[in-house]
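Keep in mind that the numbers below use all heavy atoms, side chains included, and drop hydrogens, waters and symmetry copies.
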Amino acid sequence: MSRATAGVVLLVLAARAAPAQGITVTVGPQFALASYREVASGLRYQGTGFGGGASARYRKLSAEAAVVRLTLAPAAGGTAASGFTATEVDVWVAYDLAPYASIEAGFIRRTADPEFDAQSVGAVRIGARSFYEIGPGATVLFRANYLAAPQFSGGGHAGFSIDLGLGLDVRLAGRLHGTAGYTFQRINRKTNPGGTGEIDAPIQGTMARVGLAVGF
Amino acid sequence: MTWHRALVLLVGFTAPAAAGAQAVQNATLRRAQQAYDNLEYRQVVSLAQAALRERLTGAERARAYELLGFTYGALDSILRAVDAFKQVVLIDPERQLDPNRVSPKAYSAFDVALRQVLLVRQLRVDSTSFVGGRGAVPIRFTVTQPARVVTRAIGTGGSYVIDSGAWNGQVNLSWPARLANGDPVPAGNYTVVVEARLGQNAFSASQPIRVSHGSVDTLPSLTSLPGYQYLPETEVPPQSWRPLGLAFLYTGGALVGTLGLESSSLGSSSKRELAVVGGAALVTGFVMTLRKPAPRPAAANILYNRLLRDQIARRNQDIAQENVARRQQVQLTLVPLPKPGGAGPR
C-alpha cells in the first residue's frame, strides 16, 4: 500500500470518528486547472491535475487542507521549452470572529519536478476570510492571505506576496458536497544572480479546483 | 271595601287553611276548617276552641290556632289573632305566612305575634367544602327578639362555641370549623345548636350536620401557560435576490483582486480558472435565489421561548411547594343532615 493510499484511508477513518466529538468533517477528491507564469510574460504554463481536500470544523475553529499534483505544459505562444510537474500543499487553520468572518493562518508549499524547471516555494499564510451561507447548504467564501517569509528553491526574497481565494461549497445531496475553489497568487520575488544586482523575478499563478466531498 | 280588596281577603283567608286541610284527622277541626271555608267565622271560633280541648297532634293544634288567628283577623279582633298566632309559632317556629296569599290584617297579626315571642327560626347550615383554615361554614338564623344568643357545635368530638353575642333579626355567622390550635374539628356528626336567652325566656334551635375529612387535591404541573404558546425558533426569511447578489459580490471581489494584483511584467493571467469557479458561484447564487431560503434562528422567538420556559419552571416550582403544603392540609366537607325535629321553647 502506497503512502498516499494509507494517508487517504487514515483520513477517512479519522473523519468517520470525528462526529462523535462534535466535529464536522468533509473529505473528497478534486480536479484542478492551473496557469503559471514566472520571471517574464513569455515563461508561462498551463495544465491540469488531481488532488484531494479535507476540511474540519469544531465550534469556532476550522481547518482546511488541500493537496494537488499538477502537470504544467508550456502555454501556446510562450517561450518555455518544457513542462514540469508541481505538487502543492495548502493548509489553513481559522478561528471565527463573527458568523461571517474568520482570521486564518497556515502555510503553502509548492515543489517543482524537475527541481529547477520552476521555483519551489514555501511560505507562511496569514490572513482573513469572509464566508456567507447564500442558501440551504451553500456557502460562498472569499479569502486574502499574505504570504510571509517565503522561501524559494532558487534563492531570493519577496517583499510582497499575496494569495486571494474564492470558494464555494454546496451540499448536493445528503452528505455529498460539491466544492470549487479559485486561488490567485502573486509573489514579487527578487533575486541577485551572481551579485550583479537585484532583479525582479515575479511569480504569478491561478488555480481552480473543482471536486466532490463527503461530509461526516 | 272595593271588589278586588274583597277578593284578596277571600283568597287570603281561604288559601292557608285549605293548604293544611289534608293533614287534619280530628273531625271537629275538619268542621272548623269547613266553617272557615264557608266564611262562617262564629262557628269557626267555637269549633276550633272545641277541637283544642280534644286530643290533637302538634300539627293539628297549630292548625286550630292558625284558623283562630285568621278568623280573629277577619273579625277585626287583632289582639286575639295575635295570641292565636303566638301559639302557632310556639308550636311550629318555622311557620311562615306568604304575604301574597294572606290578608294584610292576618299577616300583620302574625308579624306582631312573632315579635312578642322569643324564637330562633330558619336555622340554615349550608353544604360546603373547603381546605381547613381557608374557608368557613355559613350559618344563618333569625332571632325574633333582641336576645343573648350562643351558637355551639356539639358532637362526638366535643362541643365548640361558634359564636356568642347579642342578636336580633337575621344573623349570619361564619364558622371556620377549627380548634383553638388551628387544627380542623374532628370528623363526625355534630349538631349546631342556637340558644337564645332573654330574661327568663329561652329558645333553642338545632341543625344536625356531618363533618368529614378528605385529602386536598394537589395541583398538576404546568406544561404551558394559558394564552401563551411557544413560537418557532427558526424563521424562513422572505425570498430575495440576496444569494445572487452575494455570489456577485464575492466573485467580483476575486475578479477585482486578480485584475488589480496582476504583475505588469508578467502580463494578464489566465481567467479560465476564475471563470470556472466564479461561474459556479453565480449559478449557485441564482439557484439559491429561486429556492426557498433556509430557515434562520429567530432570536426574538428564542428569547421569548426561554422566558416562557423560565416562567413555567418558576410556576411549577411554586406548584410543587403548594403541593407539599396541600399534602399536609385537610379538605373539610360539611353536609347538613335531616332534622329529627329539634326546636322548641325551654
Could you tell me which portion of Thr289(B) (side chain, backbone, both or neither) has an atom closer than 4.5 angstrom to a non-hydrogen atom of chain A?
neither
With a 4.5 Å heavy-atom cut-off (strictly below), which parts of residues 34-48 of chain A touch chain B? List them by number.
Ala34(A), Ser35(A), Arg37(A), Glu38(A), Val39(A), Ala40(A), Ser41(A), Gln46(A), Gly47(A)
Without hydrogens or angle criteria, can the side chains of Ser129(B) and Thr333(B) be said to hold a donor-acceptor pair below 3.5 Å?
yes
Do other residues, nucleotides or ligands put more than 12 heavy atoms under 6.0 Å from Tyr304(B) OH?
yes
How would you list, in number order, the residues of residues 134-158 of chain A that have a heavy atom less than 4.5 Å from chain B?
Ile134(A), Gly135(A), Pro136(A), Ala138(A), Val140(A), Leu141(A), Phe142(A)
Can you find a pair of side-chain heavy atoms, one from Tyr230(B) and one from Leu308(B), that are under 4.5 Å apart?
yes
Is there a side-chain contact between Arg327(B) and Thr218(B) (heavy atoms, below 4.5 Å)?
yes
The interface call for Leu33(A) against chain B, heavy-atom contacts under 4.5 Å, is both
Salt bridge present between Arg125(A) and Asp163(A) (N-O < 4.0 angstrom)
yes
Can you tell if the side chain of Asn305(B) reaches within under 4.5 Å of the side chain of Leu231(B), non-hydrogen atoms only?
yes
The test is side-chain contact (heavy atoms from CB on, under 4.5 Å); show your working for Thr26(A) and Val214(A) and say whether it passes.
CA-CA 5 Å; Thr26(A) 61; Val214(A) 179; over 6 Å; no
OG1 (Thr85(A)) and CG (Leu72(A)) are apart, to the nearest 0.5 Å, by 7.5 Å
Please say whether more than 12 non-hydrogen atoms of neighbouring residues, nucleotides or ligands are located less than 6.0 Å from CZ in Arg57(A).
yes
Does Gly159(A) offer a backbone N or O that forms a donor-acceptor pair with the side chain of Asn188(A) under 3.5 Å?
no
If contact means a heavy atom pair closer than 4.5 Å, which residues of residues 238-247 of chain B contact chain A?
Arg242(B), Pro243(B), Leu246(B)
Identify whether the distance between the nearest side-chain nitrogen and carboxylate oxygen of Glu133(A) and Arg296(B) falls below 4.0 Å.
no
Using 0.5 Å steps for rounding, measure from the CD atom of Gln311(B) to the OG atom of Ser224(B).
12.5 Å
Ile162(A) vs Gln185(A) side-chain heavy atoms within contact, under 4.5 Å:
no
Do Ser265(B) and Pro202(A) make a side-chain contact, defined as non-hydrogen atoms from C-beta onward lying under 4.5 Å apart?
yes
Tell me, for Lys271(B) versus chain A, whether the close heavy atoms (under 4.5 Å) come from the side chain, the backbone, both or neither.
neither
I need the contact set between residues 96-107 of chain A and chain B: heavy-atom distance under 4.5 Å, sorted by residue number.
none
Residue among Val276(B), Leu274(B), Thr251(B) with most heavy-atom pairs under 4.5 Å to chain A:
Leu274(B)
Can you say whether Ser130(A) sits under 4.5 Å from chain B via the side chain, the backbone, both, or neither, judging by heavy atoms?
both
Give a yes-or-no answer on whether the side chains of Asn172(B) and Arg140(B) include a donor-acceptor pair shorter than 3.5 Å.
no
Under 4.5 Å between any side-chain heavy atoms of Met207(A) and Glu88(A), yes or no?
yes
Counting heavy atoms not belonging to Arg326(B), are there more than 12 under 6.0 Å from its CZ?
yes
Between the side chains of Arg314(B) and Gln317(B), is a donor N or O closer than 3.5 angstrom to an acceptor N or O?
no
Relative to chain B, which segment of Phe184(A) carries a heavy atom at a distance below 4.5 Å: side chain, backbone, both, or neither?
side chain
Between the side chains of Arg69(A) and Thr87(A), does any donor sit under 3.5 Å from an acceptor?
yes
So, are Arg209(A) and Asp90(A) salt-bridged, with charged N and O less than 4.0 Å apart?
yes
Chain B contact via Leu164(A) - side chain, backbone, both or neither, heavy atoms under 4.5 Å:
side chain
